[in-house]
Amino acid sequence: MGALNQTRVAEFVFLGLTENWVLEILFFTVFSVTYALTLLGNILIMVTIVFTPRLHTPMYFFLSNLSFIDICHSSVTVPKMLEGFLLERKTISFDNCIAQLFFLHLFACAEIFLLTIMAYDRYVAICTPLHYPNVMNMRLCVQLVIALWWGGMIHSLVQTFLTIRLPYCGPNVIDSYFCDVPSVIKLACTDTYLTGLLIVSNSGTISLACFLALVTSYTVILVSLRKQSAEGRRKALSTCSAHFMVVALFFGPCIFIYTRPDTSLSMDKVVSVFYTMVTPLLNPLIYTLRNEEVKIAMKQLRQRQVFS
């Protein structure tokens, strides 16, 4: 171990999204605005839910947690990417790289579990409405949120352990703008086939299993809507379509990246930008623009000058 520590690389160098300085300035401007809107939109949702008593229900409790996770998830990678646009040499220390991939997987896995729980919440609300107050009480909701954070922590610790146990003695160039497990283990000075297989099995299985559970849940909901009134169908479809849009936007890139063997595609960077930056911005837009109750609550809070 002493020999490995002496030869271990001290830092990694990012290639970033582009080497064209004009594009870098353009990306810096666009992504800075995107990140600011992400923070503003998600904080706005959290404040609205906290200060509106009638929104203190399981559905909006989970939505406020989703906004919190989106803020954390985008903050893991975006500030470092924005810094890289202003620097000629984009570097990150070994320890910070490991910390970045740990928190990246923690928040991504937490969001996967939360979206699955939200789908179950909608299933109970629509398919068994009479039992909903007893089944989805706030005590259970808090327990589910605690459980999803523990699940995300365990997953992230496994991914981090599989990464740091490998020797890194060079090269140290990562063809990306952030540290992720697949891109980092490629730089290990040893055969990583088995490690890559374990990582794909871990991340890929979680993403695919939760996605299939979500699709099944929404399929059952759609079938059950035939028994609902026209107004009930409209409200249920509006809520579920918003949820499913978020699910598709987040799970699509995750499945694309983490269920493949140890191979790189030219689309990887674009897909990574989408799920680390674009999706956290779209979530508040989807939930506010398609949710009349949230929009009314925001108007009332603005009239009470809560946002002043």
- Task: Go through Leu166 and Thr192 one step at a time and tell me if the side-chain contact (heavy atoms from CB on, under 4.5 Å) criterion holds.
- Result: CA-CA 8 Å; Leu166 300 172; Thr192 60; 3.9 Å; yes
- Note on the structure: Tightest non-hydrogen contact, residues Met81 and Leu17, listed as SD-CD1, 4.1 Å
- Mind checking the CD1-OG1 spacing from Ile174 to Thr91? Nearest 0.5 Å is all I need. 11.0 Å
Would you list the atom pairs, donor with acceptor, under 3.5 Å between side chains in residues 109-120 and any protein atom, with sequence neighbours excluded?
residue, atom, partner, partner atom, Å
Thr116, OG1, Ile112, O, 2.9

- Message: Looking only at side-chain N and O atoms, does Thr276 offer a donor or acceptor that is under 3.5 Å from a partner on Tyr177?
- Response: yes
- Message: Tell me the closest heavy-atom pair linking Val76 and Leu104, and the distance in Å.
- Response: CG1-N, 3.9 Å
- Please confirm whether the backbone N or O of Asn96 pairs with a side-chain atom of Ser93, one donor and one acceptor, at under 3.5 Å? yes
- Task: Check whether any side-chain heavy atom of Ile45 lies under 4.5 Å from a side-chain heavy atom of Tyr60, and answer yes or no.
- Result: no
- Out of curiosity, does Val184 fall in the hydrophobic cluster containing Leu198 (side-chain heavy atoms, cut-off under 4.5 Å, transitive links)? yes
- Message: Whether Lys90 and Glu24 form a salt bridge (side-chain N of Lys/Arg under 4.0 Å from carboxylate O of Asp/Glu) is what I want to check.
- Response: yes
- Item | Value rounded to 0.5 Å, distance of OH in Tyr123 from OG1 in Thr216 | 11.0 Å
- Message: Just to verify, what does Phe12 make a ring-ring contact (aromatic ring centres under 6.0 Å, His included) with, not counting sequence neighbours?
- Response: Phe94
- Single-linkage hydrophobic cluster Leu86~Phe27, side-chain heavy atoms < 4.5 angstrom: yes
- Message: Is any side-chain heavy atom of Phe61 closer than 4.5 Å to one of Asp121?
- Response: no
- Message: Looking at every non-hydrogen atom in both residues, tell me the closest pair between Thr38 and Ser74 and how far apart they are.
- Response: CG2-OG, 3.9 Å
- Just by modelled atom types, is the Leu140 backbone N or O under 3.5 Å from a matching donor or acceptor in the Asn137 side chain? yes
- Do Ser156 and Phe107 have side chains that get closer than 4.5 Å, going by heavy atoms? no
- How about Ser75 and Tyr35: does a side-chain donor come under 3.5 Å of a side-chain acceptor? yes
- Message: If I compare all heavy atoms of Leu144 with all of Phe62, which pair ends up nearest, and what's the gap?
- Response: CD1-CZ, 4.3 Å
- Close side-chain approach of Ile92 to Glu11, heavy-atom, < 4.5 Å: no
- Message: For a quick test of reading the model, state the closest non-hydrogen atom pair linking Thr57 to Arg54 and the distance between them.
- Response: CG2-O, 3.8 Å
- Message: Take a 6.0 Å sphere around CZ of Arg139 and say whether it holds more than 12 heavy atoms from other residues, nucleotides or ligands.
- Response: no
- side-chain contact (heavy atoms from CB on, under 4.5 Å) between Cys179 and Phe14: does it pass, once the steps are laid out? CA-CA 9 Å; Cys179 289; Phe14 294 132; 3.8 Å; yes
- Query: Quick one: do Leu187 and Leu15 end up in the same hydrophobic cluster if we chain Ile, Leu, Val, Met, Phe, Trp and Tyr together by side-chain heavy atoms under 4.5 Å apart?
  - Reply: no
- Task: Decide yes or no for Phe68 and Asn42: does some side-chain heavy atom of the first lie under 4.5 Å from some side-chain heavy atom of the second?
- Result: no
- If the plane angle is over 60° it's perpendicular, under 30° parallel, otherwise tilted; pick one for His105 and His155. tilted
- Message: Less than 4.5 Å apart, side chain to side chain, heavy atoms only: is that true for Phe51 and Met46?
- Response: no
- Message: Between Tyr132 and Pro58, is there a side-chain heavy-atom distance shorter than 4.5 Å?
- Response: yes
- Determine whether the aromatic ring centres of Phe103 and His73 lie less than 6.0 Å apart. no
- Between Ala297 and Thr48, what is the shortest heavy-atom contact and its length? CB-CG2, 3.7 Å
- Test item: Ser176 side-chain N/O and Ser183 main-chain N/O as donor-acceptor pair under 3.5 Å: no
- Task: Determine, using the 4.5 Å side-chain heavy-atom cutoff (strictly less than), whether Val124 and Val142 are members of one ILVMFWY cluster.
- Result: yes
- Message: With a 4.5 Å cut-off on side-chain heavy atoms, are Ile98 and Thr163 touching?
- Response: yes
- Message: According to a hydrophobic-cluster definition based on side-chain heavy atoms being under 4.5 Å apart (Ile, Leu, Val, Met, Phe, Trp, Tyr only), do Met277 and Leu26 belong together?
- Response: yes
